[in-house]
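Structure first, commentary second.
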Amino acid sequence: MKTMGDRATLLETGQVDTGRIDTGLTDTDRTDTDRTGELRAAFRTDEGTDTVTADRDTDTATAEYELRHRQAAANGDAASMSVLGSLLLRRGDLDGAEPHLRAATAAGDRAAANNLGVLLHQRGYAEEAAGWWRVAAVAGSAAAAHALGRHYRERGDEPGAEYWLRQSAEHGHALGAYALADLLEHRGDVGAERWLRAAAEQGHREASYRLARLLDRRAGTPTGGGPAADVASRRGITWDTDPRMLRNSTVAPGEKPPAVEAEQWYRQAAARGHRRAALHLGVILEARGELKEAGRWYLTSAKDGEPRAACALGFLLRDAGDEESAAVWWLRAAQEGDGNAANALGAQHAARGEQQTAERWYRAALDAGDINGAYNLGLLCAAQGRTAQAEQWYRRAAYAGHREAANALAILLMQGGDASGAEPWFSKAAEAGSVDAAFNLGILYAGRGDEQGALEWYERAAAAGHTEAALQVGIALLRDGDEQDAEAHLRRAAGGGSAEGAFRLGMLLDARRPPAGPPVLGEPVDEKSECEEWYERAAEQGHRRAQVRVGMLAAGRGDVAGAARWYREAAEAGSLGGAFNLGLLLAREGREPEAQLWWTRAAHAGHGRAALRLALLAARRGELGEGERWCVRAVELGPAEVAERAARLRDALHQELTA
């Protein structure tokens, strides 16, 4: 739990890390067809044309259609032989297809030559298949050129592969354009984008996805930063950045920004069933607040077998308050090996107090390769007081580069008195970007008396948005007399929710106010000043000194009820000043018995002015002995002015008692 008081303390990172969703896929990942499948998909199913391919999965051959072509083929019609051969090949009847395809090929049918190559490739005769693909490709078959290019690439002949793939791509073949783009991208050739775009425009879903990924790398972050970057960071999704692309990422007039165009291609690929594109699209939509549509795409991707989408859907449901449904999707993802989902399940069970089940899921996450599992096991052990085991798990995660584990390990060592052992881990975590570790280093240096070193680490943490670090920098600058920079840091701390920052900012602004003149009859009561607003913000967070200040300012405006409320809150929280001032307010209203109760509480706790008030009260009632005792107490407590007055009163009471 991150709890901070008026003073800087070691900041614990006890929040369970539920893991990260990693969709940082390499651009060579496949979701459509593998390379062999692309070769297999090149055969024809139409009457010798090069327009319809088997990858469309549309069977137009009815029984009558097949019978007609059988009769025509028996009469020596080459086109019907080609069509009949392609039908049988699709059906898996290789023995029945081969004679028809060979006969049609001998008659000069290029589609038959291409399909004969496919048949031979399926039988394992790759070189003979390549020979027939060459025949068809020379005759103008784009599909055969694609298959031949893939054949050469698989054998390491990249120049030959590029030649034939380029022939296929330039003839408008989507698979050829995609394969050429893959080859060029593998070599780092910027021409890859042109062919990815050509394939994507023809509906190739993997090309659409990879084009979107390329545009994302050019943009640097999803949708150019902002909310989407925050969602990606929160979900732990990797969006690759290519420095070469960033240098050339200027958008020409009339062009769409890369991130905007990327979303369009993600959407096209997702609509065609690409599960990773659906996952990325879900992240972008979630960042825009379109949670319903984001959930729909996560669901689509998850149902298609993407465990990271199932995990992301679980987080979306959890954020909507549906923990049970979230657990269902996390369980599904975890069973498919998603460490992030296993961590989320562990955190859910830990929150319910089911420690053993939580530990089991954290171990499952670790087994799945998610180092967050080790960190979470450390947190679990630390919460149970198993310090030695916690240290072991933190070390394991820290050595693997988990920065928060390094910070947690350092805190554990500090608590054990090993400051020298803690410092390197704080440094490692801070250098890795842990803001908490940078703040903790500031505390470590301050404890040694190295104020300059502490300030440097506080400034580093404050620059990264650490509220308490900004407070410490503001205090240091005030001490050095730099009020302008101190005010900026105090405003940052106060704006970040620091009660102490709000109080100190109020004091700074209060000191700059001109002294108030005597009240003029008929003048309206002054409105609240800015310093009072900051005092009030701190007071609402329970800052006792701020509560007393707000009470004093309210009393100065004549708001007795408001002053009494704030004094009472401060007094009940243990503020001596609040108790004393509340007593003054009550005494002025004639409620001396109640005032006496608050002054007594304050005097017993060490407030000299309250003791003096009690002495005066007792003297007025004629309780001289009681008054003398409170005078003695006031002299002991001080301050000097109070001690002097109490001594004079004590002497006077003593004379009365001994007269």
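Numbers here are sequence positions counted from 1. Only this structure's heavy atoms are used, side chains among them; waters, hydrogens and symmetry mates stay out. Everything numeric here is computed off the predicted structure, so don't read it as measured data.
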Could you tell me the separation between the CG atom of Leu441 and the CG atom of Asp450, rounded to the nearest 0.5 Å?
11.5 Å
Does Tyr298 form a side chain to side chain donor-acceptor pair (under 3.5 Å) with Glu286? I'd like the steps, not just the answer.
CA-CA 10 Å; Tyr298 284 150; Glu286 183 183 353; 2.8 Å; yes
Between Leu366 and Arg396, does the side chain to side chain contact (heavy atoms under 4.5 Å, CB included) criterion hold? Intermediate values first, please.
CA-CA 11 Å; Leu366 189 58; Arg396 181 168 176 176; 3.5 Å; yes
Minimum heavy-atom distance between Ala341 and Ala334, given as atom pair plus value:
CB-N, 3.7 Å
Stepwise side chain to side chain contact (heavy atoms under 4.5 Å, CB included) test for Arg557 and Glu532
CA-CA 12 Å; Arg557 288 198 310 272; Glu532 185 172 358; 2.5 Å; yes
Strictly under 6.0 Å, is that where the ring centroids of Trp457 and Phe426 end up?
no
Does Val548 reach the side chain of Trp566, with side-chain heavy atoms less than 4.5 Å apart?
no
Can any side-chain N or O of Ser575 pair as donor or acceptor with the backbone N or O of Ala571 at less than 3.5 Å?
no
Apply side chain to side chain contact (heavy atoms under 4.5 Å, CB included) to Arg568 and Trp598, showing your working.
CA-CA 10 Å; Arg568 190 176 297 276; Trp598 288 108; 3.9 Å; yes
Any heavy-atom pair between the side chains of Leu490 and Leu478 that's under 4.5 Å?
yes
Between CG of Asn376 and SG of Cys381, what distance do you get to the nearest 0.5 Å?
11.0 Å
Sub-4.5 Å side-chain heavy-atom contact between Trp361 and Leu331
yes
Check: Arg318 and Trp330 side chains under 4.5 Å, non-hydrogen atoms:
yes
Assess, by modelled atom type and distance only, whether the side chains of Asn372 and Asn343 contain a donor and an acceptor separated by less than 3.5 Å.
no
Under 6.0 Å between ring centres, would you say that holds for Trp425 and Tyr399?
yes
Before accepting this row, confirm whether a basic side-chain N of the pair Glu323/Arg352 lies closer than 4.0 Å to the acidic partner's carboxylate O.
no
Is a donor on one side and an acceptor on the other found under 3.5 Å between the side chain of Gln547 and the backbone of Ala539?
yes
Expected output: side-chain Glu306 to main-chain Arg308 donor-acceptor under 3.5 Å
yes
Checking side chain to side chain donor-acceptor pair (under 3.5 Å) for the pair Asp436/Asn407: CA distance, chi angles, key distance, verdict?
CA-CA 8 Å; Asp436 293 341; Asn407 181 56; 4.9 Å; no
Quick one, Glu391 and Arg395 - any side-chain contact, counting heavy atoms below 4.5 Å?
yes
Between His402 and Tyr394, is the ring centre distance below 6.0 Å?
no
Quick one: does Asp510's side chain get under 4.5 Å of Arg549's, heavy atoms only?
yes
Let's go through Arg288 and Glu293 carefully: what are the C-alpha distance in whole Å and the side-chain angles of both, what is the deciding distance for salt bridge (charged side-chain N to carboxylate O under 4.0 Å, His left out) to 0.1 Å, and is it a yes or a no?
CA-CA 10 Å; Arg288 284 210 299 262; Glu293 190 178 359; 5.9 Å; no
Ionic contact status for Arg537 with Glu533, cut-off 4.0 Å
no
Sidechain-backbone polar pair: Arg544 side chain, Ala573 backbone, donor-acceptor under 3.5 Å
yes
Using a strict cut-off of less than 4.0 Å between a Lys/Arg side-chain nitrogen and an Asp/Glu carboxylate oxygen, indicate whether Arg460 and Glu456 qualify as a salt bridge.
no
Under a 3.5 Å distance rule, please check whether Asp338 uses its side chain to pair with a backbone N or O of Asn340 as donor and acceptor.
yes
Over all atoms of both residues, closest heavy-atom pair of Trp329 and Ala302:
CZ3-CB, 3.8 Å
Minimal non-hydrogen separation, Leu471 against Ser498, with atom names:
CD2-OG, 3.7 Å
Of the options Arg492, Arg504, Arg512, which is the one that meets Glu487 in a salt bridge (Lys or Arg N to Asp or Glu O under 4.0 Å)?
Arg512
Rounded to the nearest 0.5 angstrom, the CH2-CZ distance for Trp534 and Phe503 is 14.5 Å
Is it true that Arg210 and Glu185 have a side-chain N and a carboxylate O under 4.0 angstrom from each other?
yes
Side chains of Trp393 and Gln389 only: does a donor on one sit below 3.5 Å from an acceptor on the other?
no
Would you mind checking if Glu572 and Arg565 are paired as a salt bridge, meaning a charged N to carboxylate O distance below 4.0 Å?
no
Distance-only, no hydrogens or angles: does the Tyr535 side chain make a donor-acceptor pair with backbone N or O of Arg545 under 3.5 Å?
no
Between Gln472 (side chain only) and Leu455 (backbone N and O only), is there a donor and an acceptor less than 3.5 Å apart?
no
Residue pair Gly501 / Ala494: nearest heavy atoms and the distance that separates them:
C-CB, 3.9 Å
With rounding to the nearest 0.5 Å, note down the distance linking OH in Tyr375 to CG in Leu377.
12.0 Å
Heavy atoms only: give me the nearest Ala350-Tyr362 pair and the separation to one decimal.
CB-OH, 4.1 Å
Sub-4.5 Å side-chain heavy-atom contact between Pro307 and Arg332:
no
Audit row: His607, Arg609, side chain to side chain contact (heavy atoms under 4.5 Å, CB included) steps and yes/no
CA-CA 6 Å; His607 198 285; Arg609 293 183 187 278; 3.4 Å; yes
Separation between CG (Leu509) and CE (Met507), nearest 0.5 Å, reads 11.0 Å
Can you tell me how far CG of Leu285 sits from NZ of Lys292, rounded to the nearest 0.5 angstrom?
13.5 Å
Would you call Glu193 and Leu215 a side-chain contact if the rule is heavy atoms closer than 4.5 Å?
yes
Any donor-acceptor pair under 3.5 Å from Tyr209 side chain to Ala278 backbone
no
Here the pair of heavy atoms bringing Gly339 nearest to Ala365 is O-CB, 3.3 Å
